[in-house]
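Read the structure below first, then the notes.
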Amino acid sequence: MKTKNVALVITPPTPHFVGDGFRVHNFIPGDNNYLNMQRMNPFIMLDYNAKYYFPPSKKPKGVGVHPHRGFETVTIAYKGKVAHHDSSGGGGVIGEGDVQWMTAASGVLHKEYHEENFSKAGGDFQMVQLWVNLPAKDKMSPPKYQAIENKAMGKVQLPNKAGEVEVIAGEYEAAKGAARTFTPVYMLNAKLQKGGSAQFSFPANYNTALLVIEGNVVVNNAEKIPTDYFAVFENEGEIFSVKAADDAVVLVLSGEPINEPIAAHGPFVMNTREELIQAFRDFNEGKFGYLED
Ligand code: MN
């Protein structure tokens with residue numbers, strides 16, 4: 001097997017607010033001319049709320065009711081708590097270490113807010129939101145919701161007390177992820193002690209990247225990737241190593257490319273322009289259901 005090298009290291013882009021509750025760096029599709037939805041498909045959007053202190057607020061901050069169709073939204077909580085409700089009846093609160101995996105597919109309305117008590121107390125907030133694309137045959141399947149508590153995730157202790165790898169989706173060694181996915185997707189949290197390292201192996205053609213959540217890491221003993229930076233790998237070679245320069249948490253993503261056209265506008269990601277127009281028409285006609293503000 002050959003080494004998979006880093007193709008690109010991306011500095012956190014200038015943050016912007018999504019609603020009033022998420023202060024995010026948008027890495028995918030990004031405005032950097034290097035990445036777009038197709039390049040990282042099935043990871044078609046990645047917003048990263050780097051660690052940010054929200055002062056106490058009586059009214060929970062967040063994003064009000066909005067629709068999605070054609071993909072899944074995955075929220076990974078690293079700090080703080082977030083509450084979610086959708087028009088198909090899915091919902092709940094996730095806290096540190098938990099993940100919510102919402103399959104919008106044919107369409108839902110949802111809202112995303114800071115959890116009430118977190119909001120009242122204030123505190124550090126750190127989240128990743130990913131949009132995971134669906135293949136054409138599944139874009140209009142029924143919506144569903146998977147609440148993935150940290151304890152449900154497969155975990156692998158690394159040799160030499162290097163740390164552990166947590167499996168949100170896919171697998172790592174003998175451990176399996178809790179999330180059910182439509183196409184092959186790996187989503188792993190590597191929690192490394194200073195000086196510890198982990199090896200990863202994915203098919204050469206998979207779109208692969210990592211985001212440094214905490215600490216600083218060195219990939220393949222060559223590329224330094226600092227906190228909050230995003231590294232994209234070449235679509236060649238299979239294996240790479242991540243070594244922690246200090247205690248580190250790294251989100252590792254790899255997925256089989258979905259080789260289908262993308263037609264995206266706002267909250268809808270379909271295959272054709274006609275399907276996008278249909279999505280707006282269905283939304284305007286109330287076909288995404290009802291959700292109270
Ligand atoms: Mn949303």
Side-chain angles (χ1 to χ4, degrees), residues 15-30 37 40-50 52 54 59-78 80-95 98-115 118-119 125-134 138-148 168-169 179 181-182 185 187 251 253 262-270 275-276 279-280 282-284 286-293:
H16 67 272
F17 268 87
V18 178
D20 62 2
F22 301 88
R23 180 186 179 270
V24 303
H25 303 279
N26 176 249
F27 284 104
I28 307 171
M37 286 183 165
M40 293 311 295
N41 203 356
F43 308 109
I44 49 178
M45 204 285 304
L46 194 162
D47 267 348
Y48 174 46
N49 190 130
Y52 183 78
F54 280 91
K59 190 171 171 288
K61 294 179 187 296
V63 194
V65 176
H66 60 279
H68 290 298
R69 173 180 280 178
F71 56 93
E72 306 183 279
T73 68
V74 179
T75 306
I76 307 170
Y78 291 99
K81 286 184 178 176
V82 69
H84 156 102
H85 293 92
D86 71 55
S87 54
S88 77
V93 172
I94 57 163
D98 302 335
V99 172
Q100 57 185 26
W101 196 296
M102 184 190 76
T103 306
S106 63
V108 294
L109 304 176
H110 80 157
K111 54 184 179 182
E112 303 158 271
Y113 281 98
H114 295 190
E115 184 270 337
F118 172 81
S119 187
F125 193 78
Q126 189 176 22
M127 303 264 159
V128 166
Q129 187 170 89
L130 278 154
W131 289 3
V132 177
N133 202 8
L134 291 173
D138 296 316
K139 279 189 182 290
M140 293 302 283
S141 62
K144 65 175 184 179
Y145 182 80
Q146 303 175 72
I148 302 171
I168 300 168
T181 66
F182 287 78
V185 169
M187 205 173 280
L251 173 65
L253 304 170
I262 292 176
H265 194 95
F268 306 129
V269 182
M270 305 303 289
E275 290 167 347
L276 273 186
F280 278 98
D282 290 350
F283 172 59
N284 288 328
K287 290 184 180 164
F288 283 59
Y290 177 78
L291 186 65
E292 205 152 311
D293 248 316

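Every number for a ligand or one of its atoms is a count from 1 in the order of the listing. What you see below is based on every heavy atom in this structure, not just the backbone, and it leaves out hydrogens, waters and symmetry mates.
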With the Mn ion (ligand 1) as the point of reference, which N/O/S atom of H110 is the closest?
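Relative to the Mn ion (ligand 1), the closest nitrogen, oxygen or sulfur of H110 carries the name NE2.
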Can you name the N/O/S atom of H68 that is nearest the Mn ion (ligand 1)?
NE2
So CE of M102 and OG1 of T75: to nearest 0.5 Å the spacing works out to 8.0 Å
So the angle subtended at the Mn ion (ligand 1) by H66 atom NE2 and E112 atom OE1, rounded to 10 degrees, is 80°
Do M45 and M40 touch side chain to side chain, with heavy atoms closer than 4.5 Å?
no
Determine yes or no for a side-chain-to-main-chain donor-acceptor pair under 3.5 angstrom, with N41 supplying the side chain and M37 the backbone.
no
Does the side chain of H85 pick up a donor-acceptor pair with the side chain of H110 at under 3.5 Å?
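Distance-only check fails for H85 and H110.
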